[in-house]
Amino acid sequence: MEREIKIAPSMLSANFAIMGEELKRIEEGGADIVHLDVMDGVFVPNITFGIKMVADLRKLTRLPLDCHLMIVHPEKYVEKFAKAGADYITVHYEACGEELGDVLKLIKSYGVKCGLVVNPDTDIEKAEKYIPLCDMVLIMSVFPGFGGQKFISDVLAKCVKVRKIIDDNGYNCLLEIDGGINDETCVKAREAGCDVLVAGSAVFGASDVKQAISALKK
C-alpha cells in the first residue's frame with residue numbers, strides 16, 4: 001500500500017513579521033503539519049524563536065505543531081514546549097547522547113509525541129536502539145542552522161535503513177526528512193521511504209502555496 005505523504009512547511013522560511021498570516025496561508029494551502037525550528041545559537045549557529053512563538057501559533061491552528069529542538073539540554077525545556085501546545089517534540093541525538101532515551105520518555109510523559117533527529121554525518125546505528133521509543137524519526141538532509149541549503153543526497157541510504165527498521169518491526173513511527181526539499185528532491189525522499197517532508201522555501205517562496213504543496217505530495 002502506498003504511504004500517505006504529509007507536508008510540513010517550515011516556519012523558518014516564513015515572514016516573521018506576519019507569522020499568523022503565513023500560518024493561515026499554508027493551512028489553506030493543504031499543509032498537514034507545521035514544522036517549527038527552535039534554535040538556540042549554541043547547538044547551531046543561529047537563533048530563531050522559542051516557547052512563546054509556539055504558544056501563539058497554537059492559538060491560530062489545529063494543525064499538529066512539530067517542534068524541532070536544535071538546542072543544548074532540551075530536557076530543560078520539554079515541559080514548557082509541551083504546555084505551549086507542541087504535538088511533536090523532536091530532539092537531536094547529537095545534543096542528548098546516551099541520555100536520549102530518558103529525554104524521549106520525558107516528552108511522552110507530557111502526552112506529546114516524541115522523535116529523534118540525526119544530522120547528516122551521524123551514523124544511524126548510534127541512535128538505532130532508540131527508534132522503538134519514537135513516534136517520529138527525523139533525518140536531516142542538510143546541516144541544521146539555516147534554511148535554503150542544498151539537499152545532501154547521501155542521507156537517502158540512511159532513510160532506506162530507517163524505513164526498513166520501522167516496517168520490519170511494525171513500529172508506529174513516521175519517517176521525516178528536513179532540508180533542501182523541493183519538487184525534485186521530494187521524489188527521492190519518497191522513494192527512500194519518507195512519510196513527512198519538511199519544506200521551507202519551496203512552499204513559502206512559491207507564488208501559489210496550494211499548488212506547491214500539492215506538487216510535493218504527488
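Values below: all heavy atoms of this structure, side chains included; hydrogens, waters and symmetry mates excluded.
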statement: Residues A95 and P74: closest non-hydrogen pair is CB-CD, 4.5 Å

L174 and K113, any side-chain heavy atoms less than 4.5 Å apart: no

List the atom pairs, with distances to 0.1 Å, where a side-chain N or O of residues 46-59 and a protein N or O form a donor-acceptor pair under 3.5 Å, not counting sequence neighbours.
| unit_1 | atom_1 | unit_2 | atom_2 | d |
| --- | --- | --- | --- | --- |
| N46 | ND2 | G145 | O | 2.8 |
| T48 | OG1 | D37 | O | 2.7 |
| T48 | OG1 | M39 | N | 2.9 |
| K52 | NZ | D56 | OD2 | 2.7 |
| R58 | NH1 | G85 | O | 2.9 |
| R58 | NH1 | D87 | OD2 | 2.6 |
| R58 | NH2 | T61 | O | 2.8 |
| R58 | NH2 | L63 | O | 2.8 |

task: Write down the atom of F16, the atom of M11, and the distance for their closest heavy-atom approach.
output: CE1-O, 3.3 Å

statement: When rounded to the nearest 0.5 Å, the distance separating CD1 of I177 from CD1 of I152 is 10.0 Å

- request: Return yes if some donor-acceptor pair links the side-chain N/O of K210 with the main-chain N/O of G30 below 3.5 Å, else return no.
  value: no

message: I'd like to know if the side chain of T185 and the backbone of G180 have a donor-acceptor N/O pair within less than 3.5 Å.
response: yes

message: Among V91, L100, I107, V78, which residue satisfies the side chain to side chain contact (heavy atoms under 4.5 Å, CB included) criterion with C114?
response: I107

query: Of all residues at least two apart in sequence or in a different chain, which pass the ring pair (Phe, Tyr, Trp, His ring centres under 6.0 Å) check with H92?
result: F43, H68

- prompt: When rounded to the nearest 0.5 angstrom, what distance separates NZ in K161 from CD1 in I139?
  reply: 11.0 Å

field: Gap separating the CD atom of E99 from the CG atom of L104, nearest 0.5 angstrom
entry: 11.5 Å

field: Test side-chain contact (heavy atoms from CB on, under 4.5 Å) applied to M140 and V155, step by step
entry: CA-CA 8 Å; M140 294 300 299; V155 306; over 6 Å; no

query: For K108, does the NZ atom sit with more than 12 other heavy atoms under 6.0 Å from it, leaving out its own atoms?
result: yes

- prompt: Where do I213 and A31 come nearest, in terms of heavy atoms and distance?
  reply: CD1-N, 3.7 Å

- request: Report the C-alpha separation of R163 and D195 in whole Å, then their side-chain angles, then the decisive distance to 0.1 Å, and conclude whether the salt bridge (charged side-chain N to carboxylate O under 4.0 Å, His left out) test is met.
  value: CA-CA 9 Å; R163 177 82 265 159; D195 304 292; 2.9 Å; yes

task: Take K105 and E75, measure what salt bridge (charged side-chain N to carboxylate O under 4.0 Å, His left out) needs, and give me the verdict at the end.
output: CA-CA 10 Å; K105 290 173 185 176; E75 69 280 358; over 6 Å; no

message: Please say yes or no: joined through hydrophobic side-chain contacts below 4.5 Å, possibly via intermediate residues, are I165 and V160 part of one cluster?
response: no

message: Donor-acceptor pair, distance only, cut-off 3.5 Å: does the side chain of S141 make one with the backbone of G179?
response: yes

query: Quick one: side chain to side chain donor-acceptor pair (under 3.5 Å) partners of D168, sequence neighbours excluded?
result: K164

message: Hydrophobic clusters here meaning ILVMFWY residues chained together by side-chain heavy-atom distances under 4.5 Å, can you tell me if Y130 and V118 are in one?
response: yes

- prompt: Got a salt bridge between E94 and K126, using NZ or NE/NH1/NH2 to carboxylate O under 4.0 Å?
  reply: no

task: Consider only side-chain heavy atoms of I, L, V, M, F, W and Y, link residues closer than 4.5 Å, and tell whether Y88 and V137 are in one cluster.
output: no

- prompt: Do the charged groups of E21 and K24 touch, with an N to O distance under 4.0 Å?
  reply: no

field: Test item: T90 side-chain N/O and L116 main-chain N/O as donor-acceptor pair under 3.5 Å
entry: no

- line: Only residue of V112, L65, V38, L36 satisfying side chain to side chain contact (heavy atoms under 4.5 Å, CB included) with I89 is V112

message: I'd like to know if the side chain of R190 and the backbone of R3 have a donor-acceptor N/O pair within less than 3.5 Å.
response: no

field: Atom CD of E184: over 12 foreign heavy atoms under 6.0 Å
entry: no

message: Checking the side chain of N15 only, and the main-chain atoms of A17 only, is there a donor and an acceptor separated by less than 3.5 Å?
response: yes

- prompt: Would you find a donor on one side and an acceptor on the other, under 3.5 Å apart, between the side chain of S109 and the backbone of L106?
  reply: yes

- prompt: Minimum heavy-atom separation for C159 to C194, with atom names?
  reply: SG-SG, 3.8 Å

message: Return the CD1 to OG distance between I26 and S13, rounded to the nearest 0.5 Å.
response: 10.5 Å

field: Cluster check V162, L133: I/L/V/M/F/W/Y, side chain < 4.5 angstrom
entry: yes

query: So, for V103 and C96, which heavy atoms are closest and what is the spacing to 0.1 Å?
result: CG2-SG, 4.0 Å

query: Is it the case that one hydrophobic cluster holds both I7 and I33, taking links as side-chain heavy atoms less than 4.5 Å apart, direct or via other members?
result: no

query: Can you name the closest pair of heavy atoms from F81 and C67 and give their distance?
result: CD2-SG, 4.4 Å

query: Measuring from L175:CG to D167:CG, what's the distance to the nearest 0.5 Å?
result: 9.5 Å

query: Looking only at atom types and distance, does a side-chain atom of D40 sit under 3.5 Å from a main-chain N or O of V42, one as donor and one as acceptor?
result: yes

message: Tell me whether the count of non-hydrogen atoms from other residues, nucleotides or ligands lying under 6.0 Å of NZ in K217 goes above 12.
response: yes

- prompt: At what distance, to the nearest 0.5 angstrom, does OH of Y93 lie from CD1 of I124?
  reply: 10.0 Å

